[in-house]
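Report on the structure given below.
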Amino acid sequence: MNRRTQEDQSNGGLLSGVLGTGDIIFMILACAAPMGVLAGIIPLALAFGNGAGVPGTQLLVSLIMILFAMGYVRMIPHVRNAGAFYAYIALSLNKEAGIAAAYVAVTAYICAAASVLGAMAYFMSDLLQSAFDFSTRWEIWAGLGILAVSWLGYHKITMAAKVLAVALLLEVGLILLIDALILHDVGFSGLDFSSFTPGTILAPGLGIALIYAINGCIGFEATAIYQEEARDRQRTIPRATYGAVVVLGTFYVLSSWCLVMALSPENAQARAAADPGRLVTGVAMQYLGHFGRDALNLLTVTSLFAATLGFYNNISRYVFALSRDGLMPPALGSVHSRHGSPYVACLLLTAILTVIIGLFALAGLDPLLSLVTSLSSMGAVGLEILLATTSLSIPYYFARRGEISIGTFWAPLVAGLAITAITYLSLTNYSALTGTDLAIVNRLPFLFVGLIAIGLLHGLWLRKNRPDVYAQVGSTHVEGDLTAALPPEQRP
């Protein structure tokens, strides 16, 4: 541990200088669960969206995310805080809005973590049943999953990064192998670029395809959460952000395009609608036999586990940032003396996930049809709201400073308007995301309205009654100024 790292820990900060660009990209990509997106989300987009136009839609959304990233990384010199969305919005708009964003972010990430944990447990149980005729309860795998991510989250962040890197390389390697076999099969003369023509992209169902496309990209924005642990953050975080967007976008565009060609553009929508759940495994079986099918099923499980771990790390750092800024109990801002992890926040998150899984298990609800359906869509919509708000707040921040350029103003403004439109589509077509007509499930996004109201009221109360805490909200911890940001009794 170097002197810089020791100073950050003694000042109540996370370990600095331990994550490079590659480490952060691996964690972000793992959190996005590319295997899960390809096997679960893209078939739904093909079936219920614009069919063969899905690859072009993925390309369009990737360009929107690049525009968002251009503004997002411009904020890095102004904010050094593990709260990301929360800190950016607090600095750009006001502290009340920042607190509201924090409540929405933590809730959305917890919903996302619980949903992918439930999906991992379900598919692990299903894999053992189909491959070995061995029946196990999903709750067992959910419990083991919680123990595993808790142990990795409690320890040094570089350990989690290594686990995520291995899981990601395996899943991406298999998909790229299938892509290569499809391209070899169709040959150069058989390449079909109709998926990228305006007529195909603008076909009926574009709105649904846009929803699924942006949901597949959610997660890359978490690069800023690791600012305090990054080496040379002003270079590492922008590189990781752009790298994550480009790699994710290229992967989804290429793989969805290959999938469309394997099915044929004319039949892609009909074949996906016939059985979206087994579409990709069927293609894997076609090109790699039983090995391909079984390997894809196994790597879907590891992909979902990696996503759970990624969300776990995101949430624990959010809670840490909120505690350090005085919005949550001080104990949650504790950093482990040896591992440099926000270990108390990790323990709280472990308890929350245990309670959520326990409640669904005790109620006898199906992990896929109930837990995943209700929580994954809610988490996605919450993060879309935050993406839109953050993207629109960035040009406002720089306009007040008189810094208007493509990167600081126009790019995030265009991205923010586009993401706002997609968020509107998500809310108005929410039942299409959940796949159910149950009112109690489809009304869950209204909880965000309550959370935003509570956050705004909390901010107003702090401004009037706790001005010292209010002043710390979203506080910018610039390198070299960590000690000054601490209360007097905590300064070394």
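- In this structure the side chain of Ile42 never reaches within 4.5 angstrom of the side chain of Tyr212, judged on heavy atoms.
- Between Leu371 and Ser115, the shortest heavy-atom distance links the atoms CD2-CA, 3.7 Å.
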- Item | Worked check of ring pair (Phe, Tyr, Trp, His ring centres under 6.0 Å) between Phe398 and His78 | CA-CA 11 Å; Phe398 283 109; His78 306 280; 5.6 Å; yes

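- Contact of the Ile99 side chain with the Leu462 side chain is registered, since non-hydrogen atoms from C-beta on lie closer than 4.5 Å.
- No side-chain heavy atom of Val335 sits less than 4.5 Å from a side-chain heavy atom of Val344.
- Between Asn215 and Ala380 the shortest heavy-atom distance is OD1-CB, 3.6 Å.
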- Task: Go through the steps for Ile356 and Leu375 under the test side chain to side chain contact (heavy atoms under 4.5 Å, CB included), then give the verdict.
- Result: CA-CA 10 Å; Ile356 292 173; Leu375 297 186; 4.1 Å; yes

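- Residues Trp141 and Val301 have side chains not in contact (no heavy-atom distance under 4.5 Å, counting atoms from C-beta outward).
- Nearest heavy-atom pair across Gly207 and Leu425 is CA-CD1, 3.9 Å.
- Minimum interatomic distance between Ile201 and Leu206 (heavy atoms only, all atoms of both residues): O-CD1, 3.4 Å.
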- Task: Go through the steps for Tyr122 and Asp366 under the test side-chain hydrogen bond (donor to acceptor under 3.5 Å, both in side chains), then give the verdict.
- Result: CA-CA 9 Å; Tyr122 170 84; Asp366 185 272; over 6 Å; no

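- With 3.5 Å as the limit, one finds a donor-acceptor pair spanning the side chains of Asn50 and Thr57.
- When the salt bridge (charged side-chain N to carboxylate O under 4.0 Å, His left out) test is applied to Asp275, the partners found at least two apart in sequence or on another chain are Arg278.
- Under 3.5 Å, the side chains of Tyr424 and Glu384 contain no donor-acceptor pair of N or O atoms.
- Evaluated for a ring-ring contact (aromatic ring centres under 6.0 Å, His included) with Tyr318, the options Tyr103, Phe85, Tyr109 yield exactly one hit, Tyr109.
- A 6.0 Å sphere centred on CG of Asn465 holds more than 12 heavy atoms belonging to other residues, nucleotides or ligands.
- Side chains of Ser431 and Asn442: a donor-acceptor N/O pair is absent below 3.5 angstrom, by distance only.
- Counting all heavy atoms, side chain and backbone alike, Met378 lies closest to Cys111 at SD-SG, 4.0 Å.
- At a threshold of 4.5 Å between non-hydrogen side-chain atoms, the residues Val260 and Val54 do not count as touching.
- Under 3.5 Å, the side chains of Gln58 and Ser256 contain no donor-acceptor pair of N or O atoms.
- The shortest non-hydrogen separation linking Ile146 to Ser150 is O-OG, 2.6 Å.
- Every residue meeting the ring-ring contact (aromatic ring centres under 6.0 Å, His included) condition with Phe68, not counting sequence neighbours, appears here in chain and number order: Tyr72, Phe220.
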